[in-house]
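So the structure is just underneath, and the comments pick up after that.
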Amino acid sequence: MIIGLTGGIASGKSLVSTELEQYGYPVIDADQIAREVAEPGELAYEQIVEHFGNEILELDGSLNRKKLGTLIFSDSEKRQILNQIMHPAIRKRMLEKKAMFEKQGYDVIVFDLPLLIENNLQFMVDKVLLVYVNKEEQKRRLIHRDQAGGEDANQRIASQMSLDEKLDYADAIIDNNTTREHTITQLKDILKQWNIH
């Protein structure tokens, strides 16, 4: 079974991801893979440099993610180009890792995909597990975590599909508004329902 773990910024997805790893399930993290496929020597890296030029590179040749981020943040066309380079490379690497874990005999694998629903990647997973918090709690945690201002936190939350909208797509929902213990109890209950824990 492939579990698609998703959530939103500061929703507590990392807590659930870490917990699943501790239960012995391999977690394939899309954000981590996005960094891997954009390393020098990788095809996606070559394509990014080809499209955006050398000014987005650090002196050692690695990508200056901040510069690239600033470049695409205000330009939807450039953002689309970057996504067209990155998404297939990320998917391909995730599937390679999945095949490797299956070969090792794992029958439950977790895809940690923040944009699972936005990018319509449900076809890649058997179950969608959503980590949910309400907007107020999300904002409070984001300000606390990143020492961000209220305005900045609002903008970052608004730039994502709302967690309320994501509820309809989930096979199971972990309400992470209260305590860590409560979140972990819910996770265990869901895994039991799915007959995998």
Restricting to non-hydrogen atoms, name the atom on [X] and the atom on [Y] that form the minimum distance, rounded to 0.1 Å.
X	Y	result
Gly4	Leu116	O-CD2, 4.1 Å
Gly8	Gln160	CA-OE1, 3.5 Å
Ala10	Arg141	O-CD, 3.7 Å

Backbone N or O of [Y] within a donor-acceptor pair of the [X] side chain at under 3.5 Å?
X	Y	value
Thr70	Lys66	yes
Arg93	Ile33	no
Thr183	Thr179	yes
Asn177	Asn134	yes
Asn64	Leu57	no
Thr185	Glu181	yes

Got a second to check how far [X]'s [atom1] is from [Y]'s [atom2], nearest 0.5 Å?
X	Y	atom1	atom2	value
Lys127	Leu5	NZ	CG	15.0 Å
Leu15	Glu19	CG	CD	6.5 Å
Phe111	Leu129	CZ	CG	14.5 Å

Exercise for review: Apply the side-chain contact (heavy atoms from CB on, under 4.5 Å) test between Trp194 and each candidate in Asp189, Val108, Asp171; give the one that qualifies.
Suggested key: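 Exactly one pass, corresponding to Asp171.
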Point to revise | ILVMFWY cluster membership beyond Leu142 - transitive side-chain contacts under 4.5 angstrom | key: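 Its cluster mates, by chain and number, are Ile9, Ile157.
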Review point. In the hydrophobic cluster built from side-chain contacts under 4.5 Å, what are the other members alongside Ile173?
Key: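 Grouped by the 4.5 Å side-chain rule, Leu130, Tyr132, Val133, Leu163, Leu167 form the rest of the cluster around Ile173.
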Check your understanding: Do you reckon Tyr106 sits in the same ILVMFWY cluster as Met1, going by side-chain contacts under 4.5 Å, direct or chained?
Key ->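 Tyr106 does not cluster with Met1.
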Check your understanding: Going hydrophobic residue to hydrophobic residue with side-chain gaps under 4.5 angstrom, can you get from Val16 over to Ile28?
Key ->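 Per the 4.5 Å side-chain linkage, Val16 and Ile28 are not co-clustered.
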Practice item. Inspect the surroundings of CD in Glu77 and state if more than 12 heavy atoms from other residues, nucleotides or ligands are less than 6.0 Å away. Key: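 Count not over threshold, so no.
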Check your understanding: In this structure, are over 12 heavy atoms from other groups packed under 6.0 Å from Tyr169 atom OH?
Key ->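 For Tyr169, atom OH is not crowded (no more than 12 foreign heavy atoms under 6.0 Å).
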Exercise for review: Please test His51 against Gln47 for side chain to side chain donor-acceptor pair (under 3.5 Å), starting from the C-alpha separation and ending with a verdict.
Suggested key: CA-CA 6 Å; His51 274 282; Gln47 292 172 323; over 6 Å; no
